[in-house]
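Every chain is numbered from 1, with letters handed out A, B, ... down the list of sequences.
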Number of protein chains: 2
Amino acid sequence: MEQQEHAFLSSNTVEDASRIFKALADPTRIKILYLLSQEECSVSHITEVLNMTQSAVSHQLSLLRNLRLVKYRRDGNTFYYTYDDEHVITILNQVISHIECK
Amino acid sequence: MEQQEHAFLSSNTVEDASRIFKALADPTRIKILYLLSQEECSVSHITEVLNMTQSAVSHQLSLLRNLRLVKYRRDGNTFYYTYDDEHVITILNQVISHIECK
DNA sequence: AATGTATATGAACATATGCTCATATACATT
DNA sequence: AATGTATATGAGCATATGTTCATATACATT
């Protein structure tokens, strides 16, 4: 009630923002989300394109699922993932464009 | 030369994007950058507002300096920091607005 | 010159993160 | 029912990260 004269962020807001940026902070997750921004993908397809182990990809998808950044549908044994947060994809694309036009 | 049919990101681009998002992924750095988005601040002012140790703040400022996200001017013993990357501030504010209007 | 003040920096430590390896699960096929 | 296939998951491990503590640096003041 004294030392904070200017508008500041609530700790919830800061935590939420941190969570979003953390999700985007890892190269593997950037690649996955970028792929999904272009097309629905099966896990095995992601695994092949990124040239990673199935387990590593699956762990990252699990993390992205928990954050509600991706969702999936199942068809037999195949799981097809799509992105589930338009805003986060927009942010990702903005940063990528900004980097590429340098 | 065969398994990559769609446009994909160069690893440099991915690394650069990762670096930017990593910078924004920590609550302390979010608070610092948000403060600096509003006004030029001395280290001691940031320390008081965030209620953290001088050392912790200084370490984070050092990290942000290395990433060229902030710069400073010196006036006697006091160092005044400002942000140095308009685009990153824009991204931060976009994410914050998005979170707050939920 | 000596002391004070604001900030930076290195080492150490605890926690978080991302991967691998082994294995579980669930559906498909035979 | 038995085997195969696609994916998920838990444990373990190595590395990265953020803080603290102690101390260095550089300028100011007396």
Side-chain angles (χ1 to χ4, degrees), chain A residues 3 11 14-36 39-82 84, chain B residues 3 11 14-36 39-82 84:
Chain A
Q3 82 171 12
S11 49
V14 173
E15 291 300 324
D16 287 353
S18 171
R19 254 186 291 279
I20 290 176
F21 288 125
K22 272 199 175 84
L24 294 166
D26 175 68
T28 298
R29 289 192 294 273
I30 290 177
K31 290 178 198 166
I32 291 175
L33 288 172
Y34 186 75
L35 250 184
L36 296 183
E39 51 179 348
E40 187 183 53
C41 294
S42 67
V43 177
S44 55
H45 182 243
I46 298 173
T47 299
E48 285 163 22
V49 172
L50 301 198
N51 193 30
M52 293 182 62
T53 66
Q54 179 269 320
S55 180
V57 169
S58 190
H59 276 295
Q60 295 295 0
L61 286 171
S62 159
L63 191 153
L64 293 171
R65 254 187 289 126
N66 290 336
L67 293 171
R68 314 262 176 208
L69 300 189
V70 302
K71 61 187 174 189
Y72 66 95
R73 67 184 176 84
R74 180 175 198 150
D75 182 10
N77 275 339
T78 305
F79 291 55
Y80 292 98
Y81 278 81
T82 50
D84 197 25
Chain B
Q3 81 172 11
S11 49
V14 173
E15 291 300 325
D16 287 352
S18 172
R19 254 185 290 278
I20 290 177
F21 288 126
K22 272 198 176 85
L24 292 167
D26 174 67
T28 297
R29 289 192 294 271
I30 289 177
K31 291 177 198 166
I32 291 175
L33 287 172
Y34 185 74
L35 251 183
L36 296 184
E39 49 178 350
E40 186 183 54
C41 294
S42 68
V43 177
S44 55
H45 183 243
I46 298 173
T47 300
E48 285 163 22
V49 172
L50 300 197
N51 193 31
M52 293 182 61
T53 65
Q54 179 269 321
S55 179
V57 170
S58 190
H59 276 296
Q60 295 295 0
L61 286 171
S62 158
L63 191 153
L64 293 171
R65 251 187 291 126
N66 290 335
L67 293 171
R68 314 261 176 208
L69 300 189
V70 303
K71 61 187 174 191
Y72 67 95
R73 67 182 176 87
R74 180 174 199 151
D75 182 10
N77 275 338
T78 306
F79 291 54
Y80 292 99
Y81 278 81
T82 49
D84 197 24

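The side chain to side chain contact (heavy atoms under 4.5 Å, CB included) test with A/Ile46 is passed by exactly one of A/Val49, A/Val43, A/Leu50: A/Leu50. The only option from B/Leu61, B/Leu24, B/Val70, B/Leu63 that meets the side chain to side chain contact (heavy atoms under 4.5 Å, CB included) definition with B/Arg29 turns out to be B/Leu63.
Remark: A/Arg65 is in phosphate contact with D/dT9, judged by side-chain N or O atoms under 4.0 Å from OP1 or OP2. Look at B/Arg29 and you won't find any side-chain N or O under 4.0 angstrom from OP1 or OP2 of D/dT17. At D/dT19, one or more side-chain N or O atoms of B/Gln60 fall inside 4.0 Å of OP1 or OP2 (strictly under the cut-off). Taking side-chain N and O atoms only, B/Ser44 has no distance below 4.0 Å to OP1 or OP2 of C/dA6. Here A/Arg73 does not reach the OP1 or OP2 of D/dT7: none of its side-chain N or O atoms lies under 4.0 Å away. In this structure, B/Tyr81 does not reach the C/dA6 phosphate: none of its side-chain N or O atoms is under 4.0 Å from OP1 or OP2. A sub-4.0 Å separation between OP1 or OP2 of D/dT19 and a side-chain N or O of B/Thr28 is present. Remark: B/Ser55 is not in phosphate contact with D/dC21, judged by side-chain N or O atoms under 4.0 Å from OP1 or OP2.
For the pair B/Ser62 and B/Arg65, the minimum side-chain heavy-atom distance is below 4.5 Å.
A/Pro27 approaches B/Lys22 most closely through the heavy-atom pair CD-NZ, 4.4 Å. Shown here for A/Thr82 and A/Glu40, the closest heavy-atom pair between the two residues is CG2-CG, 3.5 Å.
Distances were taken from every side-chain heavy atom of B/Asp26 (C-beta onward) to each of C/dC19, D/dG18, C/dA26; the shortest belongs to D/dG18. Listed nucleotides C/dT7, D/dA8, D/dG4 differ in distance to A/Asn77; the shortest reach to its side chain belongs to D/dG4. Ranking D/dT7, C/dA6, D/dT19 by closeness to the A/Thr78 side chain, first place goes to D/dT7.
Take the nearest nucleotide of DNA chain C for A/Gly76 and for A/Lys22: the residue whose nucleotide is more 5' is A/Lys22. Both B/Leu63 and A/Tyr80 sit near DNA chain D, but only A/Tyr80 has its closest nucleotide nearer the 5' end.
Look at D/dT30: its Watson-Crick or wobble partner, with both distances under 3.5 angstrom, is C/dA1. The partner of C/dG18 is D/dC13, by the rule that a Watson-Crick or G-U pair needs both atom distances under 3.5 Å. For D/dT7, the paired base is C/dA24 (Watson-Crick or G-U wobble, both distances below 3.5 Å).
Between the CD atom of B/Glu15 and the P atom of D/dA16 there is a distance of 12 Å, given to the nearest Å. In this entry the distance linking CG of A/Asn66 with C1' of D/dG10 reads 14 Å, nearest Å. Taking atom OH of residue B/Tyr72 and atom P of nucleotide C/dA6, one finds them 18 Å apart after rounding to whole Å. Rounded to whole Å, atom P of C/dA6 lies 19 Å from atom CE of B/Met52. One interatomic measurement links the two molecules: CG of B/Leu64 to C1' of D/dT17, which rounds to 14 Å at whole-angstrom precision. Protein atom CG of B/Asn51 is 14 Å distant from nucleotide atom C1' of D/dT19, rounded to whole Å. As a whole-Å value, the separation of A/Arg19 CZ from C/dA16 C1' is 15 Å. Whole-Å rounding puts the A/Arg74 CZ to C/dA26 P distance at 8 Å.
When the shell of 6.0 Å around CZ of A/Arg68 is examined, it contains 12 or fewer heavy atoms from other residues, nucleotides or ligands.
Counting non-hydrogen atoms under 4.0 angstrom, B/Ser58 reaches a base of the nucleic acid.
Side chains of B/Ser42 and B/Ser44: a donor on one and an acceptor on the other come within 3.5 Å.
With hydrogens and angles ignored, no donor-acceptor pair under 3.5 angstrom links the side chain of B/His59 to the base of C/dT7. Side chain B/Gln54 to base C/dA8: a donor-acceptor pair is found below 3.5 Å.
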